[in-house]
Protein chains: 2
Amino acid sequence: MNDALEPRQLEAYFVLMEAVSLLQHSVEQQLRTEGGISYVQFQLLARLAAVDEPLTMTQLADGVVYSRSAVTYQAAQLEEAGLITRASSPDDERATLVTITAAGRALVDRVLPGHVQVIRPMLFDPLTDEDLDQLGHIMTRVRDHMRAQPPRSASRRRPTKPSP
Amino acid sequence: MNDALEPRQLEAYFVLMEAVSLLQHSVEQQLRTEGGISYVQFQLLARLAAVDEPLTMTQLADGVVYSRSAVTYQAAQLEEAGLITRASSPDDERATLVTITAAGRALVDRVLPGHVQVIRPMLFDPLTDEDLDQLGHIMTRVRDHMRAQPPRSASRRRPTKPSP
DNA sequence: TATTGTTATACTCTATAACTATA
DNA sequence: TATAGTTATAGAGTATAACAATA
């Protein structure tokens with residue numbers, strides 16, 4: 001058992017990261033220019049629009065991985081921009097329910113075409129439909145596998161101190 | 001011709017971005033913890049180690065996309081940490097040649113095993129060798145295609161002001 | 001006691017524009 | 001005049017830890 005991966009595997013990883021970085025960079029500019037939002041903010045809005053019901057801060061964070069304070073920060077930005085509202089949950093007074101506003105939905109709808117126009121030439125044009133299908137399948141498997149086992153190092157909430 | 005993509009295409013894109021974000025996050029923590037460097041810094045060092053010869057700041061930037069000032073900033077960090085050296089080029093006095101130090105190589109070698117240990121369970125374990133091959137081929141095609149046509153919006157150097 | 005979320009703070013990183021120096 | 005790189009500055013985003021309130 002060797003700790004080193006086959007060079008080809010490592011190469012696939014590096015190329016994956018590089019290509020996505022390029023894509024992310026372009027997409028970020030488009031969102032900033034046309035919508036005045038970051039990619040993270042777009043993700044949060046898109047998620048809220050997709051599920052079509054209020055989410056708690058924790059649920060919202062679950063989709064984007066970051067720390068609680070980062071979500072609070074982003075939510076504050078989005079709320080200030082009138083794209084979401086926050087209200088404490090009737091079920092659990094500790095929780096904050098985040099709801100996307102009409103303006104929020106409108107923004108997502110407004111930036112999506114331009115978003116696609118950036119993605120298409122970069123990601124879709126060079127690939128066949130079959131490639132895209134495979135890519136989708138592969139990354140879905142990867143994503144689901146990642147979500148299934150919470151990363152050892154990045155626990156959402158500081159684990160309780162082991163009895164000292 | 002419709003501006004909207006097939007939902008499945010868009011889905012593949014979103015999953016791709018999500019999975020890579022998760023991967024990036026984990027990898028970033030590993031590099032920070034075990035090497036005290038960011039992923040960008042790791043990329044720069046790995047690139048210098050791979051080509052095995054000095055690169056100019058511009059050449060270095062080409063691999064990582066960012067603005068000139070960002071490269072200067074990162075190079076300053078790496079130089080301060082003793083991982084690279086900078087010296088003006090004999091060929092072109094304007095250029096700065098960046099050379100990786102022994103400590104820089106040592107650091108890359110030192111963090112790479114841990115890096116792989118993070119990647120393996122997240123990316124490689126859930127995929128067959130064939131999947132990985134396909135992923136590599138697909139993303140290589142995407143990457144090469146992206147590099148072939150410089151993004152319209154993100155010119156490396158501010159284009160000359162159109163004759164006013 | 002554990003969990004949800006917020007806040008204060010410090011830090012990293014990035015982009016813009018102005019600047020120097022060389023080609 | 002254009003290019004390589006640096007610098008000053010300002011802004012966005014993140015994480016940590018301490019905190020308040022609820023379960």
Side-chain angles (χ1 to χ4, degrees), chain A residues 21 24-25 28-29 31-33 36-44 54-62 64-81 84 86-98 153-163, chain B residues 21 24-26 28-29 31-33 36-44 54-62 64-81 84 86-98 153-164:
Chain A
S21 285
Q24 209 163 17
H25 197 258
E28 206 122 1
Q29 282 196 236
L31 289 173
R32 181 66 64 190
T33 302
I37 56 174
S38 65
Y39 188 71
V40 170
Q41 290 165 352
F42 172 73
Q43 280 181 299
L44 296 176
L55 294 178
T56 66
M57 298 293 280
T58 298
Q59 289 172 328
L60 206 48
D62 278 344
V64 190
V65 172
Y66 300 128
S67 62
R68 290 170 292 142
S69 66
V71 177
T72 298
Y73 170 79
Q74 293 297 348
Q77 300 304 110
L78 293 172
E79 190 173 42
E80 194 181 355
I84 64 165
R86 281 186 287 183
S88 79
S89 167
D91 301 341
D92 184 339
E93 290 280 333
R94 295 172 303 178
T96 298
L97 285 180
V98 179
S153 45
S155 52
R156 183 101 37 226
R157 169 79 65 163
R158 199 59 176 276
T160 307
K161 204 178 294 179
S163 51
Chain B
S21 285
Q24 210 162 18
H25 197 258
S26 296
E28 206 122 2
Q29 281 197 237
L31 290 173
R32 181 66 65 191
T33 302
I37 56 174
S38 66
Y39 188 70
V40 170
Q41 290 165 353
F42 172 74
Q43 281 181 299
L44 296 176
L55 294 178
T56 66
M57 298 292 281
T58 299
Q59 289 172 326
L60 206 48
D62 279 345
V64 191
V65 173
Y66 301 128
S67 62
R68 290 170 292 142
S69 66
V71 178
T72 297
Y73 171 79
Q74 293 297 348
Q77 301 303 111
L78 292 173
E79 190 173 40
E80 194 180 355
I84 64 166
R86 281 186 287 183
S88 78
S89 166
D91 301 341
D92 184 338
E93 290 279 334
R94 295 172 303 180
T96 297
L97 285 180
V98 179
S153 44
S155 52
R156 185 99 37 224
R157 169 79 67 163
R158 197 60 174 277
T160 306
K161 203 179 294 177
S163 51

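What you see below is based on every heavy atom in this structure, not just the backbone, and it leaves out hydrogens, waters and symmetry mates. Naming convention: chains lettered A, B, ... in sequence-line order (proteins, then strands); numbering from 1 in each chain.
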| task | May I have the distance from B/Glu80 (atom CD) to C/dC11 (atom P), rounded to whole angstrom? | result | 14 Å

| B/Ser69 side chain, from C-beta outward: closest of C/dT4, D/dA8, D/dG5 | D/dA8

| query | Would a 4.5 Å heavy-atom cut-off, applied to side chains only, mark B/Gln24 and A/Gln24 as touching? | reply | yes

| request: Tell me what A/Thr72 touches on the nucleic acid: a base, only sugar-phosphate, or nothing, going by heavy atoms under 4.0 Å. | output: base

| request: Please work out if B/Thr56 contacts a base, only the sugar-phosphate, or nothing of the nucleic acid, heavy-atom cut-off 4.0 Å. | output: sugar-phosphate

| query | In chain order, what residues pass the side chain to side chain donor-acceptor pair (under 3.5 Å) check against A/Glu79, with sequence neighbours excluded? | reply | A/Arg86

| field | Separation of C/dG5 P from A/Leu60 CG (nearest whole Å) | value | 10 Å

| Could you state the CD-C1' distance from B/Gln24 to C/dC13, rounded to the nearest angstrom? | 14 Å

For nucleotides 20-23 of chain C, print each protein N/O atom paired with a nucleotide N/O atom at under 3.5 Å, atom names and distance only.
from, atom 1, to, atom 2, distance (Å)
C/dA23, OP1, B/Glu93, N, 3.1
C/dA23, O4', B/Arg94, NE, 3.4
C/dA23, O4', B/Arg94, NH1, 3.4

| side chain to side chain donor-acceptor pair (under 3.5 Å) partners of B/Arg94, counting only residues at least two apart | B/Asp92

| ring-ring contact (aromatic ring centres under 6.0 Å, His included) against B/Phe42, all qualifying residues, sequence neighbours excluded | B/His115

| Heavy-atom pair of closest approach, residues A/Pro90 and A/Leu97 | CD-CD1, 4.0 Å

| remark: Closest non-hydrogen contact found for A/Ile84 with A/Ala75 is CD1-O, 3.5 Å

Using atom names, set out every protein N or O paired with an N or O of nucleotides 11-13 of chain D below 3.5 Å, distance rounded to 0.1 Å.
from, atom 1, to, atom 2, distance (Å)
D/dG13, OP1, A/Arg32, NH2, 3.1
D/dG13, OP1, A/Ser38, OG, 3.2

| remark: B/Asp62 CG to D/dA4 P, in whole Å, measures 10 Å

| field | With B/Gln59 via side-chain contact (heavy atoms from CB on, under 4.5 Å) - residues at least two apart | value | B/Leu55, B/Thr56

| field | Among C/dG5, C/dT14, D/dG5, the nucleotide that comes nearest once only the side chain of A/Ala95 is considered | value | C/dG5

| Do you know the tightest heavy-atom contact between A/Gly36 and A/Gln41? | O-OE1, 4.4 Å

| query | Picking from D/dA15, C/dG5, D/dG5, which would you name as closest to the side chain of B/Arg68? | reply | D/dG5

| query | Residues in side-chain contact (heavy atoms from CB on, under 4.5 Å) with A/Ala87, at least two apart? | reply | none

| said: Tell me whether the side-chain N/O atoms of B/Arg86 come closer than 4.0 Å to OP1 or OP2 in D/dT6. | reply: yes

| query | In whole Å, what is the span from the CG atom of A/Leu78 to the P atom of C/dG5? | reply | 16 Å

